[in-house]
Amino acid sequence: MNLVITKAYISSDGVWFMDVFNVIDRNGNKIRDKEVIDYIQRRIENNPSFAPSLRESVGVVPTEEHTVIELTGTDRPGLLSEICAVLTDLHCNVVTAEIWTHNTRAAAVVHVTDDSSGCAIKDPSRLSTIRDLLSNVLRGSNDPKTAKTTLSPPGVTNRDRRLHQIMFADRDYERIEREGRGALRDRGKRPLPHVTVVDCVDKDYTVVTMRATDRPKLLFDIVCTLTDMQYVVFHGVVKTVRTEAFQEFYIRHVDGFPISLEAERERLVQCLEAAIERRASEGMELELCTKDRVGLLSDITRIFRENSLCIKRAEISTEEGMARDTFYVTDVTGNPVDPKIIDSIRRQIGDKVLNVKHNSSLSPKASQPTTIGFLLGNFFKARSFQNFKLIRSYS
């Protein structure tokens, strides 16, 4: 619903839990619309959680309205352009899509329809052809991780959640030390998140603390990762201060035990860092708004490729016949894009069609992260959970 969480208090004990969220809209205003409030309440009370099993590589899922294609492979310049060109040749129209890149890996969830009927593609033979040809595109690298191809079982879940699951299954959190692949250089150009995992011996929890640049959906990304890694949050605090976000969670594994091995702590740190970085805005943000047509995305991404732009992240959508796409781009070396190149592309596409919304290379640098203590330390020392419930209820 594009609401922003500024603070949160999370606590559970036995079969009871109480979560408090302070939310505002994207403009910083309090939510006063009763219909919006009622809608939130209905969704929270009635919408059961659904978390399908992890799936990998290339999956094609038919639904009534569109076909969902899931891809993962080694990132390289021009990869999205090649994928879009294949889909256009196969008479597939991209309705919505989201593409993430992280640590030399790329993942995408793409919703397509048949360009003639506007409906989902259900023919098994055609679906198999789409899967095979897209797999060939992903095999453009010698990396064996790109060779996996699977036909995903039916299932519907949040698109962002699926991207986290896809990249987690692809082990994008593993640190790449090959300087030539550009992973370390990319990480050095933006403030890194600061994650610590320590023991809370007195209360038999593992304490996870995070400090990172604040952005939309940061809490969502963290909780998705903790859940997919089979951890349960018992207590937590979330706080934002200007452009920074602080999060602290007291967790245990689903078997009821805290983390006991150093290797598991290190893996959790890596996975949470990856969850924070996957959606981090990198490079210049370009917004495309124009009348939709078959092959539009293929043409746009081809122009980007021909002008040596590398797409780090993309959000593709169509609404009422209009294409509204957002691209985050750098040059092929990961450096900021020359404004002259953007001006040339805008003249080619249309000045009113493509706009520069944000350039992260011009953003002020965040302060250096420091180790933060237990935000809930006083709570555990001075109050029982029962007292905490009463204090939060009446404050």
Peer 1: Under 3.5 Å, side chain of R126 to main-chain N/O of L90, donor-acceptor pair present?
Peer 2: yes

Peer 1: Aromatic rings Y205 and F234: how do their planes relate, parallel, tilted or perpendicular, breaks at 30° and 60°?
Peer 2: tilted

Peer 1: Establish, from distance only, whether the side-chain atoms of D221 and H164 form a donor-acceptor pair under 3.5 Å.
Peer 2: yes

Peer 1: If you measure from OG1 on T326 to NZ on K357, what distance do you get to the nearest 0.5 Å?
Peer 2: 6.5 Å

Peer 1: Using the rule side chain to side chain contact (heavy atoms under 4.5 Å, CB included), only one of L127, I83, L87 pairs with I69; which is it?
Peer 2: L87

Peer 1: Within the 3.5 Å criterion, strictly below it, is a donor on R267 or Q270 matched to an acceptor on the partner's side chain?
Peer 2: no

Peer 1: Using a 6.0 Å distance limit plus a 45 degree cone around the ring axis, check whether R211 lies over the aromatic ring of F246.
Peer 2: no

Peer 1: Give the C-alpha distance, both sets of side-chain angles, the deciding distance and a yes or no for salt bridge (charged side-chain N to carboxylate O under 4.0 Å, His left out) between R105 and D75.
Peer 2: CA-CA 5 Å; R105 307 302 296 168; D75 187 30; over 6 Å; no

Peer 1: Scan side-chain atoms only and decide if D114 and S117 contain a donor-acceptor pair under the 3.5 Å cut-off.
Peer 2: yes

Peer 1: Nearest 0.5 Å please: distance from the CG atom of L80 over to the OG1 atom of T301.
Peer 2: 5.0 Å

Peer 1: Do H66 and T113 have side-chain N/O donor and acceptor atoms under 3.5 Å apart?
Peer 2: no

Peer 1: Does D33 use its side chain to pair, donor to acceptor, with the backbone of E35 at less than 3.5 Å?
Peer 2: yes

Peer 1: For the residue pair R313 / T101, report whether a side-chain donor-acceptor contact shorter than 3.5 Å exists.
Peer 2: no

Peer 1: Which residue, D172, D160, N103, forms the side chain to side chain contact (heavy atoms under 4.5 Å, CB included) with R278?
Peer 2: D172

